[in-house]
Amino acid sequence: MARLVMKFGGTSVGSVERIKNVAKRVQKEVEAGNEVAVVVSAMSGETNRLVGLTRDVASLHDAREYDVVVSSGEQVTVGLLAMALQDLGINARSWLGWQVPIKTSDVHGAARIQEIDCGDIIRRFEEGQVAVCAGFQGVGPMNRITTLGRGGSDTSAVALAAALDADRCDIYTDVDGVYTADPRIATKASKLDRITYEEMLELASLGAKVLQTRSVEMAMKHQVKLQVLSSFEDLPGTLVVDEEDIVEEQVVSGVTYTRDEAKVTLQQVNDQPGVAATVFGALAEAHVNVDMIVQNVSEDGKATDLTFTVGRGELDACLKVLDGLKDQVNCKAIVPDPNVVKVSIVGMGMRSHAGVAQTMFAALAEKGINIQVISTSEIKVSVLLAEEYTELAVRTLHTAFNLDAA
Ligand code: ADP
Ligand code: ASP
Ligand code: MG
């Protein structure tokens, strides 16, 4: 007997038929004698629709009420799945975040899970009951409903698995595992049998939305056995594991991209101490996150360009802050460019192989793709490119690092 957390994403519960299909998958595990907690997302498209409604009513709205609205999609799916399970003769009940309770911080729209009290769920496991838990939501310190950020059901599932001390956390989705690149844009992408927590963390934070970044962070911290697999086909998925469980380490394990960033250039800022501190200090104060940064040495020692990226959704806020600093940093112009993409390669083997970045730059150059900004860490290299090159760059790098499926 094992204790399992099974998580099903939006597409997997996207229709009544699919919810019944999920119920059958859960039934299999129950009949095998396992204790099961299921975590579900809202039906596909539903959370987007709800977010749209909040924007239509008021573009600047109370984040607490936003959470009340956007968390409601999951209330529907937990109820429907519990019914579908009961219809198969399985003892099941639904749990909303506040009922478990899944306690979170009060950062509405991006709350962090702080504590989960699983006592009731575990007691009901003993009666053979399946817990059907709403993903994406929790309850804040002021007893208000919170949500965990888009894609947050993955994090709900991993956090629940950690709190339940589950034997495994299975993330069922619309692809049959983690691929060497998003299979929707790289047709030659191949499925990875295993990937390390570290690589998965980089891939997720650099754009591979197959797992929410925080879910991987949490799995790594609590050593949750995590598996990504298909909810439609019976195929082995991808296991997220420790480095020592990888048989053959790849130099590059995956290529990923994100269109979530925008580039800003401050042209001809004063080349003197304190400018970067002023600019980035003011942005930090306004809670605008800065990612990549480049600054050249000026030719004459007087002025130089300062380029950086911020989240695309934060571009307006960023420009407002910069406008207020214009005189202080004395720049010629502030040039925003939202039409950029960050493409990254990730792999543990980079730590011990030289020339990886060079292979990347050469492959892009050969296709005439200009690199605007570069950033690196121990196991990744990211480049900022014009958005129109997204697909070409991902496919080119996929081929350059010998990742194409045979
Ligand atoms: P769910 O609704 O089940 O949470 P998501 O849409 O959030 O599903 O995540 C699954 C999607 O992630 C896939 O359909 C795929 O397009 C995308 N994806 C991006 N990068 C990768 C990758 N490297 N491997 C697998 N899927 C990826
Ligand atoms: N339904 C939420 C979203 O669309 C959470 C999730 O799917 O993980 O972001
Ligand atoms: Mg998801």
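As the structure lists them, so they are numbered: ligands from 1, and atoms in each ligand from 1. The structure presented is a predicted model; accordingly, all values stated were derived computationally and were not measured.
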Looking only at heavy atoms of Ser41, does any of them come nearer than 4.0 Å to an atom of ligand 1?
no
Decide whether an N or O pair under 3.5 Å exists between Asp154 and ligand 1.
no
Using a 4.0 Å heavy-atom cut-off, which part of Val175 comes near ligand 1: side chain, backbone, both, or neither?
side chain
Around atom CZ of Arg93, are there more than 12 heavy atoms of other residues, nucleotides or ligands at under 6.0 Å?
yes
So for Ser44, does at least one of its heavy atoms come nearer than 4.0 angstrom to any atom of ligand 1?
no
Atoms of ligand 1, numbered as shown, that sit under 4.0 Å from any heavy atom of Asp174
10 (C), 11 (C), 13 (C), 14 (O)
Ser153-ligand 2 polar pair, N/O distance under 3.5 Å
yes
Hey, could you give me the CE/CD1 distance between Met348 and Ile246, rounded to the nearest 0.5 Å?
8.0 Å
For atom 15 (C) of ligand 1, the closest protein heavy atom turns out to be Asp182 OD1, 3.4 Å
Look at atom 7 (O) of ligand 2 and say which protein heavy atom is nearest, naming residue and atom and giving the distance to 0.1 Å.
Ser41 OG, 3.2 Å
Counting both backbone and side chain atoms, is some N or O of Arg150 under 3.5 Å from an N or O of ligand 2?
yes
Given side chains that start at C-beta, do those of Asn34 and Arg3 come closer than 4.5 Å, heavy atoms only?
no
Counting only heavy atoms closer than 4.0 Å, does ligand 2 sit against the backbone of Glu74, its side chain, both, or neither?
side chain
What atoms of ligand 2 come within less than 4.0 Å of a heavy atom belonging to Gly151?
3 (C), 5 (C), 6 (C), 8 (O), 9 (O)
Quick one about Thr196 and Glu243 (side-chain donor to acceptor, distance below 3.5 Å, no hydrogens or angles considered), yes or no?
no
Report yes if some heavy atom in the side chain of Thr307 is under 4.5 Å from a heavy atom in the side chain of Val373; otherwise report no.
yes
Would you mind checking which non-hydrogen protein atom is closest to atom 14 (O) of ligand 1, with the distance to 0.1 Å?
Arg184 NH2, 2.5 Å
Contact between Gly73 and ligand 2, counting heavy atoms under 4.0 Å?
no
Where is the nearest protein heavy atom to atom 7 (O) of ligand 1: which residue, which atom, and how far?
Lys209 O, 3.5 Å
Is the shortest distance from a heavy atom of Gly10 to ligand 2 less than 4.0 Å?
no
Are the side chains of Lys326 and Asp323 in contact, using a 4.5 Å heavy-atom criterion?
yes
His398 NE2 to Leu403 CG distance, which is reported to the nearest 0.5 Å:
4.5 Å
Do you know which of Lys221, His222, Met220 makes side chain to side chain contact (heavy atoms under 4.5 Å, CB included) with Val224?
His222
For atom 2 (O) of ligand 1, find the nearest protein heavy atom and state the residue, atom name and distance (0.1 Å precision).
Gly10 N, 3.1 Å
Polar contact flag for Gly149 and ligand 2 (N/O pairs, less than 3.5 Å):
no
With heavy-atom distances below 4.0 Å as the criterion, list the atoms of ligand 1 near Thr173.
1 (P), 3 (O), 8 (O), 10 (C)
For a quick check under 3.5 Å, do Thr213 and Ser205 share a side-chain donor-acceptor pair by atom type?
no
Hey, are Gln267 and Asp305 close enough side-chain-wise for a donor-acceptor pair under 3.5 Å?
no
Look at the rings of Phe280 and Phe308 and say which category their plane angle falls in: under 30° parallel, 30 to 60° tilted, over 60° perpendicular.
perpendicular
Heavy-atom side-chain proximity of Arg184 to Asp174 below 4.5 angstrom
yes
Would you mind checking which non-hydrogen protein atom is closest to atom 25 (C) of ligand 1, with the distance to 0.1 Å?
Gly177 O, 3.4 Å
Can you give me the closest heavy-atom contact between Ser153 and Lys7, atom names plus distance?
CB-CE, 3.6 Å
Should Arg18 and Phe232 count as side-chain neighbours, where that means a heavy-atom distance under 4.5 Å?
yes
Report yes or no: does a heavy atom of Ser12 sit under 4.0 Å from some atom of ligand 1?
no
Quick check on contacts: which atoms of ligand 1 are under 4.0 angstrom from a heavy atom of Lys7?
4 (O)
Hey, is ligand 1 close enough to Pro183 that some N/O pair sits below 3.5 Å?
no
Can you sort out which atoms of ligand 1 are near Val178, meaning under 4.0 Å from one of its heavy atoms?
24 (N)
Which residue is it: Val139, Ile145, Leu148? I am looking for the one with a side chain to side chain contact (heavy atoms under 4.5 Å, CB included) to Thr104.
Leu148
Tyr179: numbered ligand 1 atoms lying under 4.0 Å from its heavy atoms:
22 (C), 23 (N), 24 (N), 25 (C)
Under a 4.0 angstrom heavy-atom cut-off, which atoms of ligand 1 come close to Ala181?
22 (C), 23 (N)
